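Let me begin by presenting the structure, written as structure tokens, before commenting on it.
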Amino acid sequence: MPMSIIQGDITTMRVDAIVNAANPQLKQGGGVCGAIFRTAGASRLQRACDALAPVPVGKAVITDGFGLPARYIIHTPGPVWRGGTHGEAQQLASCYQSSLELAAAHGCASVAFPLISAGIYGFPAGEAIRIALEQIEVFLAQPGHGTMDVSLVLFDAATHRLALRVHDDLR
Ligand code: AR6
């Protein structure tokens, strides 16, 4: 199944799992993480997260989706952008790999990602998109994973347009 590149609010996605652009402490924070906590129910999600924290950058853990349409939330802390010379690209790639492996291990048939690290953590959007699309494609090409429905959900129109351009350039 090909991946989808869509514009929208990830908290509304009716998928098996949405991915949270988390921090290693799994605290609510702002950005997409803040929105996910608010929609899921902040205190019950925080209790579930506190039992799993801390999580190293590039790894992933899973909780219930609580009040979300999604059944699960996969929490992955992305790298903070520090100029690109501190292994940020590899760490970001690892976020997608870890999240997709965890989703598969939980039998998820559909997964939606936000653009991890590209907001508060400062990762340049074009490069973050390229890494996301490449890692999703690599995963879907693996035996047994080709039927998973994976979406990259961009919040604003400009980033969505950029993602479509990056996708075309990768062809
Ligand atoms: N749906 C989809 N994408 C969204 C939404 C939404 N509802 N809201 C924002 N985005 P960010 P990070 C986009 O800052 O850079 C938090 O405090 C946003 O436009 O949410 O990984 C965490 O707790 C951007 O493109 O995540 C961490 O401490 C993308 O989501 C820290 O911020 C990621 O932006 C993580 O920072």
Side-chain angles (χ1 to χ4, degrees), residues 3-63 65-70 72-84 86-100 110-133 135-136 149-167:
M3 75 176 103
S4 324
I5 299 170
I6 59 182
Q7 189 193 346
D9 177 351
I10 202 165
T11 64
T12 67
M13 294 290 293
R14 294 193 176 278
V15 287
D16 291 331
I18 65 167
V19 177
N20 179 22
N23 53 72
Q25 293 72 36
L26 302 185
K27 293 300 181 197
Q28 174 165 3
V32 68
C33 184
I36 290 171
F37 270 74
R38 280 193 299 279
T39 311
S43 56
R44 53 194 176 159
L45 178 54
Q46 191 63 71
R47 269 197 303 281
C49 284
D50 287 347
L52 300 169
V55 179
V57 171
K59 302 293 183 198
V61 294
I62 192 164
T63 65
F66 297 104
L68 288 168
Y72 295 116
I73 306 167
I74 293 172
H75 306 262
T76 186
V80 176
W81 180 256
R82 292 194 289 152
H86 295 79
E88 294 96 322
Q90 293 85 344
Q91 289 174 324
L92 186 58
S94 174
C95 289
Y96 288 93
Q97 292 160 8
S98 305
S99 299
L100 287 164
S110 53
V111 181
F113 281 92
L115 192 56
I116 299 164
S117 281
I120 292 163
Y121 279 178
F123 209 106
E127 181 64 2
I129 291 165
R130 187 184 63 73
I131 292 168
L133 298 180
Q135 293 307 314
I136 294 167
D149 173 6
V150 184
S151 315
L152 183 64
V153 182
L154 293 317
F155 199 40
D156 61 277
T159 312
H160 180 241
R161 279 196 301 275
L162 179 60
L164 295 176
R165 274 207 305 280
V166 172
H167 180 261

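Predicted model only: the values in this text are computed from it and were never measured. Note that ligands are numbered from 1 as they come in the structure, with each ligand's atoms numbered from 1 the same way. For this chain, numbers begin at 1 and follow the sequence in order.
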For Lys27, the ligand 1 atoms with a heavy-atom partner under 4.0 Å come out as 23 (O)
For Gln28, the atoms of ligand 1 under 4.0 Å from one of its heavy atoms are 23 (O)
Between Glu88 (side chain only) and Arg82 (backbone N and O only), is there a donor and an acceptor less than 3.5 Å apart? yes
How far is atom 31 (C) of ligand 1 from its nearest protein heavy atom, and which residue and atom name does that atom have? Tyr121 CE2, 3.5 Å
Consider ligand 1: state whether an atom of it lies below 4.0 angstrom from any non-hydrogen atom of Leu115. yes
Applying a strict 4.0 Å limit to heavy atoms, is Gly8 in contact with ligand 1? yes
In sequence, state the C-alpha distance, the side-chain angles, and the governing distance for Gln46 and Ser43, and then conclude on side-chain contact (heavy atoms from CB on, under 4.5 Å). CA-CA 5 Å; Gln46 191 63 71; Ser43 56; 5.7 Å; no
Contacts satisfying salt bridge (charged side-chain N to carboxylate O under 4.0 Å, His left out) that involve residues 4-26 (not counting sequence neighbours) are none
What protein heavy atom lies closest to atom 23 (O) of ligand 1? Include the residue and the distance to one decimal. Asn23 ND2, 2.7 Å
Near Gly29 (heavy-atom distance under 4.0 Å), the atoms of ligand 1 are 17 (O), 23 (O)
Is any N or O atom of Leu154, backbone or side chain, closer than 3.5 Å to an N or O atom of ligand 1? no
Heavy-atom gap Asp9 to ligand 1 smaller than 4.0 Å: yes
Check whether Ser94 reaches the backbone of Gln90 with its side chain - one donor and one acceptor, N or O, closer than 3.5 Å. no
Is the Phe113 ring parallel, tilted or perpendicular to the Tyr96 ring (thresholds 30°, 60°)? tilted
Considering only the protein, which heavy-atom contact is closest to atom 16 (C) of ligand 1, and what is its distance? Gly30 O, 3.3 Å
To check you understand the geometry: which heavy-atom pair defines the closest contact between Pro24 and Tyr121, and what is its length? CD-OH, 3.9 Å
Suppose we measure from atom 1 (N) of ligand 1 to each protein heavy atom; which comes out shortest, and what is that distance? Ile10 N, 3.0 Å
Which distance, rounded to the nearest 0.5 Å, do you find between the CD1 of Ile36 and the CD1 of Ile18? 4.0 Å
Return the set of residues passing salt bridge (charged side-chain N to carboxylate O under 4.0 Å, His left out) with Asp50 (not counting sequence neighbours), or none when no residue passes. Lys27
Output yes when a protein non-hydrogen atom is found under 4.0 Å of atom 18 (C) of ligand 1, and no otherwise. no
Return the closest protein heavy atom for atom 14 (O) of ligand 1 as residue, atom name and distance. Ile120 N, 2.7 Å
Checking a contact table here: which protein heavy atom is nearest atom 21 (O) of ligand 1, and how many Å away? Ser117 N, 2.8 Å
Purely on distance, is any nitrogen or oxygen of Ala35 under 3.5 Å from one on ligand 1? no
Return the closest protein heavy atom for atom 26 (O) of ligand 1 as residue, atom name and distance. Ala21 CB, 3.6 Å
Identify which one of Ile6, Ile5, Ile10 satisfies the side chain to side chain contact (heavy atoms under 4.5 Å, CB included) criterion when paired with Ser151. Ile6
What closest approach, in Å, do Ala17 and Ile74 show between heavy atoms, and which atom pair accounts for it? CB-CD1, 4.0 Å
Verify side-chain contact (heavy atoms from CB on, under 4.5 Å) between Cys49 and Val61, making sure each step is shown before the conclusion. CA-CA 9 Å; Cys49 284; Val61 294; over 6 Å; no
Close approach, Ala118 and ligand 1, non-hydrogen under 4.0 angstrom: yes
Quick one: CD1 on Ile120 to SG on Cys33, what's the gap to the nearest 0.5 Å? 8.5 Å
Among all protein heavy atoms, pick the one closest to atom 13 (C) of ligand 1 and tell me residue, atom and distance. Phe155 CB, 4.0 Å
Should you measure from each heavy atom of Gly31, which atoms of ligand 1 turn up under 4.0 Å away? 20 (O)
